[in-house]
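Each remark here refers to the structure printed beneath this line.
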Amino acid sequence: MRFQEIIERSLTRALESAGFPEGEVKMILEKPRLKEHGDICTPIALSLAKVLKRNPLEIAELIARAASFPDDMVASVEIAKPGYINLKLAHAALVRNLRDVDKYGDDYGSSDIGGGRKCQVEYVSANPTGPLVVVSARAAAVGSVIVNLLRNVGFDAEGEYYVNDYGNQIEALGKSLRFRVRERLGLLESEEEIGAYPAGYVTELAAGISAEQAARWDERDGESCTSYGSYATEAILRTIEEDLEFFGVRFDNFFRESCLHPALVAEALKIVEDKGFAYTREGAVHFETTRFGDEKDRVLVKSDGNPTYFLGDIAYHLTKLRRGYEWVIDLLGPDHHGHIPRMKAAASVLGAHERWFEALVVGWVRLMEGKKPISMSKRAGEFITMRELIEDVGTDVAKYFFLMRRTNSPLDFDLQLARKQSDENPVFYVQYAHARIASVTRFAEEKGAVRDRKDTDLSVLSAAEERELMVHLMFYPYVVEGAALSREPHRLTSYAKELATLFHQFYHKHRIVTDDAQLSSARLTLAVATMQVLRNTLCLLGVDAPKSM
RNA sequence: GCCCCCGUAGCUCAGUCAGGAUAGAGCAGCGGUUUCCUAAACCGCGUGUCGGACGUUCGAGUCGUCUCGGGGGCACCA
C-alpha cells in the first residue's frame, strides 16, 4: 500500500473517532511548499471548518490528537497557523522506499489502478496529404507519453493513428500529382490547374511515375484521379510512419478511414436516425447536435449524397465502441477544438457512457529563431516539417520541449535555444544527473566500493540533502499516478527536473565513494535509486537516459 | 456577433481541476565555488498591479459576473 493511502486511512479514522463527519469534505494530501512544514500536509481541518463553522485550528488539534499513524510511517504530527496538519515521514519509511526502488526497478512507480481496463488514445491523425509538421510532432510526443502513463498505472492502453485516406482531399491530392506528372512529361494543357497541393514533395512523388503508368491511370479514372490520389496517399503515409519511427513514437494501429465506407458509415447514420436525432433539410441530412449543447446542427450527408467527414468520424468512433474500449481519448489539433461538442453528442447517441469520450486539445506551436517567429504557410509550401525539426535539434530535445508545458497551452519553440548543447537546455540537465550517477557507479566499481543490497545500514543517510532526495523518490509513484489520471505529461518533466536538482545538491555536498565502506554503500544505494527513478521518468517521457555525456 | 484557449518576474512557463500557510522554477544578468566520484554542476543576489473591475468567502492566482488584450473556431472542407 502506498504511504498516501496509509496516511489517508489514518486521517479518516481520526476524523471518525474525533466525531467529525466523514465524506463531508474531500481528503486532500499536499506537498508543503516550505520544508519547515514537513513532508506532507492536509488542509482537511480548514475544509471542515467551513462546513462546521468552527475554528479550524481547534479542529486540526482534535484530529491530530485522535490520529494514530504507524510509527514506521510518520515521525511527527504538527498543526500550524490557519489549520494545517503537517506530517513528517519517518526515516524508516524513507529507507523502506529506497529498498522498494531497488526491488521493483523499472516497475517502481507502476500500479494497477487502471485495473486492466481497455482504453485508447488517438493522436496525430494528420491527413496523409503531406509530411508531418511541427504541431503533429507535439501531438506525437504528448500522445505517446499519455499512452505510456496509462499503461504504467495499469490500463490496457493503445495508441492509434486515424488515417483520413478517403474523400475530397485525396482526390485533390491526386489532381495535384497528375499536374506535376504531366508537367514533367510535357503534356500540360494550358487550362490545367495545379490544385490544392503545390508543394515540392508532390513534384518529388511525380518523378517516380512513368509515362506508361500515368497513361494507364488516366484511361482508368479519367478526371477523378483516384489512382494518383491513392498512390500519393500511400507514399506519404509511408514517410509519415518512417518519421514517427525516427521520432521514437510507435502506434499500435493505423486505422484507415476508407475501411469505414460504405457499410459502417451507413450503420452510423442509421443509429443517429433511429434514435431520432436526424432530419433532412435542403436535401442534406442533419444531426441535431444542438440538443447536446453544440452551437448548431451538423450535416451528416451532403445534398449530393456524400457523407461528411463528421459522419465518417462517428462511424470511426462506433468501431472504437465495438472494439471494446472502455474509454477513448482524442488528441485534437488546436484548430479542431470546435469539434468537441459534436463528438460528445455523437458518442452519446452511439450509446457510450458520459465519460467515454475525452478530447484533449494540443496547443499551437510557434517556431522561433531567437525572438523572431518563423513564418509558415502550408499553402505556399513553406513550412518546417517534423523531420526537419528533429534533425535540427534532436529527438530528446524536441520531445522534452513539447512535454515541458501543459498540453493545451500555446508553445513558442525556440530553435536557437533548443540547438544549444549547454546548460541552457533543460533536457541535458536531467540527463546529466543520470549520466553522472552512472559515472559514479563506474568509479565505485573501480575503487571496489560495494553497494550491498541487504546489509547496508541506510540509517546513516541522515543529512538534509539525503533526506530530501529520499522524500522525493517516495513521491514518484504519486506523481506518475497524478500525471496519468489528469493526462498531464508535463508533471513528469517537472518532477525529473526537481529530482535532478536534489541529486546535484546532494552530490555537491557529500562525497559518495569514501573510505567509509558502510557510508559509501548507503550513499551508493541512494544514488542508484535516484538513477533508477530518473530512468523510469525519462522512459515514460520517451527520452534517452544516457550513461555518459 | 457567438463559442473555446491564453494573459503570473526582463523572457519562457509551473501553480487554476479539489479556494487556504510569506505566489514558485528555468533562462537571461551580477558575484562566488574545482589538489576531491563528470563544473552540461553547485552557492548567493527577485519591491511580481498573478491583465483589470466587481462579487462569493474567515480566506481568491485559484470560484462567479463583467471587462481589456492576444490567438483560434464558428462549411453540405477534411
Side-chain angles (χ1 to χ4, degrees), chain A residues 25-28 30 32-34 36-37 41 43 45-47 49-50 53 55-56 80-84 86 127 129 164 166-170 172 196 257 281-286 294-296 298-310 312-313 334-341 361 363-364 366 368 371 401 404-406 408-414 417 420-429 431-433 435-444 446-447 449 486 488 490-491 493-494 497-498 500-501 503-505 507-514 520 523-524 527 548-549:
Chain A
V25 290
K26 209 173 169 187
M27 181 70 64
I28 297 168
E30 293 173 354
R33 276 197 295 270
L34 272 66
E36 301 85 80
H37 294 143
C41 64
L46 289 158
S47 315
K50 180 164 191 143
K53 306 232 183 297
N55 184 338
K81 278 185 285 180
Y84 275 101
N86 296 328
N127 294 338
T129 52
N164 302 122
Y166 181 93
N168 297 341
Q169 55 175 354
I170 302 304
E257 182 187 357
R281 191 176 63 202
E282 292 161 16
V285 182
H286 289 64
D294 198 4
E295 288 172 19
K296 53 180 287 190
R298 308 290 167 178
V299 172
L300 295 173
V301 183
K302 298 180 249 180
S303 50
D304 66 5
N306 286 316
T308 59
Y309 172 82
F310 178 43
D313 217 9
D335 50 340
H336 285 76
H337 70 250
H339 292 223
I340 297 171
V361 176
W364 290 98
R366 194 165 59 140
M368 310 283 285
K371 296 258 175 273
F401 271 57
M404 274 195 305
R405 287 167 183 82
R406 280 183 32 189
N408 67 351
S409 66
L411 165 62
D412 281 346
F413 194 114
D414 184 350
L417 176 63
K420 285 189 189 167
Q421 304 276 315
S422 76
D423 53 350
E424 290 169 55
N425 202 325
V427 63
F428 297 127
Y429 181 84
Q431 290 183 317
Y432 179 66
R436 201 178 212 185
I437 300 170
S439 168
V440 171
T441 61
R442 288 191 296 269
F443 178 82
E446 279 169 33
K447 292 285 171 190
S486 56
E488 291 187 350
H490 76 277
R491 294 191 193 189
T493 49
S494 305
K497 191 258 154 199
E498 284 163 15
T501 298
F503 178 77
H504 286 312
Q505 289 170 339
Y507 178 89
H508 187 261
K509 189 106 180 257
H510 305 283
R511 203 177 157 79
I512 294 168
V513 181
T514 63
S520 298
R523 286 187 175 156
L524 268 175
S548 67
M549 285 174 76

Does a nitrogen or oxygen in the side chain of [X] sit under 4.0 Å from OP1 or OP2 of [N]?
{"X": "A:Ser548", "N": "B:A40", "value": "no"}
{"X": "A:His336", "N": "B:A78", "value": "no"}
{"X": "A:Asn164", "N": "B:A78", "value": "no"}
{"X": "A:Arg406", "N": "B:G15", "value": "yes"}
{"X": "A:Gln505", "N": "B:C43", "value": "yes"}
{"X": "A:Tyr429", "N": "B:C42", "value": "yes"}

Integer angstrom distance from the [atom1] of [N] to that of [M]:
{"N": "B:G64", "M": "B:A60", "atom1": "C1'", "value": "11 Å"}
{"N": "B:U56", "M": "B:C11", "atom1": "C1'", "value": "36 Å"}
{"N": "B:C17", "M": "B:U65", "atom1": "P", "value": "15 Å"}
{"N": "B:A53", "M": "B:G69", "atom1": "C1'", "value": "15 Å"}
{"N": "B:A25", "M": "B:C37", "atom1": "C1'", "value": "28 Å"}
{"N": "B:G55", "M": "B:U16", "atom1": "P", "value": "26 Å"}
{"N": "B:G46", "M": "B:A40", "atom1": "P", "value": "27 Å"}
{"N": "B:G26", "M": "B:G15", "atom1": "C1'", "value": "15 Å"}

Separation of B:C42 C1' from A:Tyr507 OH (nearest whole Å): 11 Å

Between P of B:G24 and CD of A:Glu30, the distance in whole Å: 14 Å

Counting any heavy atom closer than 4.0 Å, what does [X] reach on the DNA or RNA strands: base, sugar-phosphate only, or nothing?
{"X": "A:Glu282", "value": "base"}
{"X": "A:Glu295", "value": "base"}
{"X": "A:Ala49", "value": "nothing"}

Residue met sooner reading RNA chain B from 5', once A:Val299 and A:Pro82 are mapped to nucleotides: A:Pro82

5′-ward residue of the pair A:Ser494/A:Val440 relative to RNA chain B: A:Ser494

Stacking check A:His337 vs B:G73 (5.5 Å / 30 deg): no

ring centroid sep under 5.5 Å plus plane angle under 30, A:Tyr84 with B:A21: yes

Only pairs with both distances under 3.5 Å count, Watson-Crick or wobble alike; so what is the partner of [N] in this structure?
{"N": "B:G19", "result": "none"}
{"N": "B:G44", "result": "B:C30"}
{"N": "B:G24", "result": "B:C13"}
{"N": "B:C2", "result": "B:G73"}

Base B:A78 paired with A:Asp313 side chain (donor-acceptor, <3.5 Å): no

Plane angle bin for A:Phe413 and A:Phe401 - parallel if under 30°, tilted between 30 and 60°, otherwise perpendicular: tilted

Centroid-centroid under 6.0 Å between A:His339 and A:Phe310 rings: no

Under 3.5 Å: donor-acceptor pair, side chain of A:Arg523, backbone of A:Arg511: yes

